[in-house]
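In each ligand, atom 1 is the first atom listed, and ligand 1 is the first ligand listed. Computed from heavy atoms alone, side chains included, the values below leave out hydrogens, waters and symmetry copies. Residue numbers count from 1 along this sequence.
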Amino acid sequence: MSEHVIIHQAAGVLTLTLNRPDKKNALTDAMYGALSDAMEAAQGDAAVRVVVIRGNGDMFCAGNDLGDFLAAAGRGGSTEANVHRFIRLLGSYHKPLVAGVQGRAVGIGTTMLLHCDQVVLAEDALLTTPFVGLGLVPEAASSVLLPKLVGHQQAFAMLALGQAMDAQAAQAAGLASMVVPNAGLDEAVAKVAAGIAALPPGAVQATKALMRDSEAIDAVILRESKVFGERLQSAEAREAFTAFMEKRAPDFSQF
Ligand code: COA
């Protein structure tokens, strides 16, 4: 349980809402735990036909909590188990996943979208994956899924150079199914989810399984995790996290 994730279930739709708006919905280990618990339970619950991920406030998600990353670096690079649970669940999830995104989606806020079956973006959505600027590497199989979707050049621009992708570009690139005005996001997401919930669930899940090679995705996640753990312990990453905490620009000139 985490007060920072709101869980709501109605009419076949399980909605998981990130609820830490004062920290821009940055994800803590407890939040990953709550998300994973709810998603795992939903896999075995016939009453859940579709899982929706949302974020409260002006921003979908600011990515992993950087304080947690700094603490993980201090522990020798091992992040808590729940982030791994969450990422591997995303990669192997049987039931359809829908996301509704307003404002920024940073890091895992963006990479989780690569595992969603329908992504609805508000007009102000802005996707960024600033892993390299943090001394890190991509996660959640994004090192393979993103280039597959947008090509190497654009994926490198996002994953390594930290370039942002706006809502229109994301839709054009195939990262989102639709872009709607901010005021219409709730309604659009609810409509997409209700539509999926009304379909025959066995056929939906079988179709999703045919469309995704979960085993290959999991192998990429494991490969990335190993390097990610090593990068977390690097002096480069420590400088990046410390700079964020101290509200200053990082200085990588010493490396
Ligand atoms: N981890 C921990 N705290 C975070 C956070 C994160 N990933 N993202 C935002 N916060 C906190 C800020 O420290 C700030 O806390 P404070 O009010 O106690 O000072 C609060 O959330 C609001 O953030 P702020 O930076 O003031 O909001 P903003 O609208 O100016 O900028 C972001 C929003 C997301 C662009 C900016 O916060 C940011 O770059 N965050 C880091 C994103 C990141 O690198 N994530 C990891 C990706 S792997």
Side-chain angles (χ1 to χ4, degrees), residues 2-5 18-35 53-75 77-80 82-84 86-87 90 99 101-115 121-122 124-143 145-146 155-167 170 175 182 221 224-234 236-252:
S2 165
E3 75 208 84
H4 294 137
V5 176
L18 310 179
N19 185 40
R20 200 187 173 209
D22 56 321
K23 298 290 183 187
K24 307 293 180 186
N25 295 326
L27 288 160
T28 61
D29 190 65
M31 291 168 76
Y32 288 119
L35 291 167
I53 305 176
R54 299 293 311 270
N56 272 344
D58 63 357
M59 191 181 292
F60 177 64
C61 176
N64 204 99
D65 187 287
L66 290 175
D68 277 12
F69 269 166
L70 192 57
R75 283 194 304 272
S78 77
T79 49
E80 302 285 343
N82 284 324
V83 61
H84 293 296
F86 178 66
I87 287 175
L90 284 175
V101 176
Q102 79 286 5
R104 281 173 175 267
V106 187
I108 196 164
T110 285
T111 58
M112 75 168 82
L113 305 181
L114 298 168
H115 300 275
L121 299 180
D124 74 343
L126 196 66
L127 313 184
T128 51
T129 49
F131 297 112
V132 168
L134 291 167
L136 299 172
V137 291
E139 34 69 326
S142 59
S143 63
L145 295 178
L146 193 60
F156 189 85
M158 288 185 77
L159 296 172
L161 309 182
Q163 273 179 24
M165 184 182 267
D166 68 18
L175 259 153
N182 279 61
I221 289 171
E224 290 170 347
S225 294
K226 185 170 176 294
V227 185
F228 198 98
E230 289 163 8
R231 294 304 316 168
L232 264 181
Q233 298 173 67
S234 68
E236 293 172 3
R238 197 156 317 166
E239 164 60 12
F241 306 152
T242 308
F244 179 78
M245 297 304 164
E246 293 174 357
K247 298 190 187 293
R248 61 172 173 81
D251 174 11
F252 299 121

Lys/Arg N to Asp/Glu carboxylate O, R104 vs D58, below 4.0 Å: no
Under a 4.0 Å threshold between the charged nitrogen and the carboxylate oxygen, would R248 count as salt-bridged to E239? yes
Report yes or no: does Q102 contribute a side-chain atom to a donor-acceptor pair with the main-chain N or O of G57 at less than 3.5 Å? yes
Within-4.5 Å side-chain heavy-atom neighbours: L35 and L27: yes
Relative to the ring of F131, is the ring of F228 parallel (under 30°), tilted (30 to 60°) or perpendicular (over 60°)? perpendicular
Check for a donor-acceptor pair, side chain of N25 on one end and backbone N or O of N56 on the other, with a separation under 3.5 Å. yes
Please produce the table of protein N or O atoms sitting under 3.5 Å from N or O atoms belonging to ligand 1, one pair a line, distance to 0.1 Å.
from	atom 1	to	atom 2	distance (Å)
ligand 1	1 (N)	L66	N	2.8
ligand 1	7 (N)	A62	O	3.2
ligand 1	7 (N)	N64	O	3.0
ligand 1	15 (O)	K23	NZ	3.2
ligand 1	18 (O)	K23	NZ	2.5
ligand 1	19 (O)	K247	NZ	2.7
ligand 1	45 (N)	A62	O	2.8

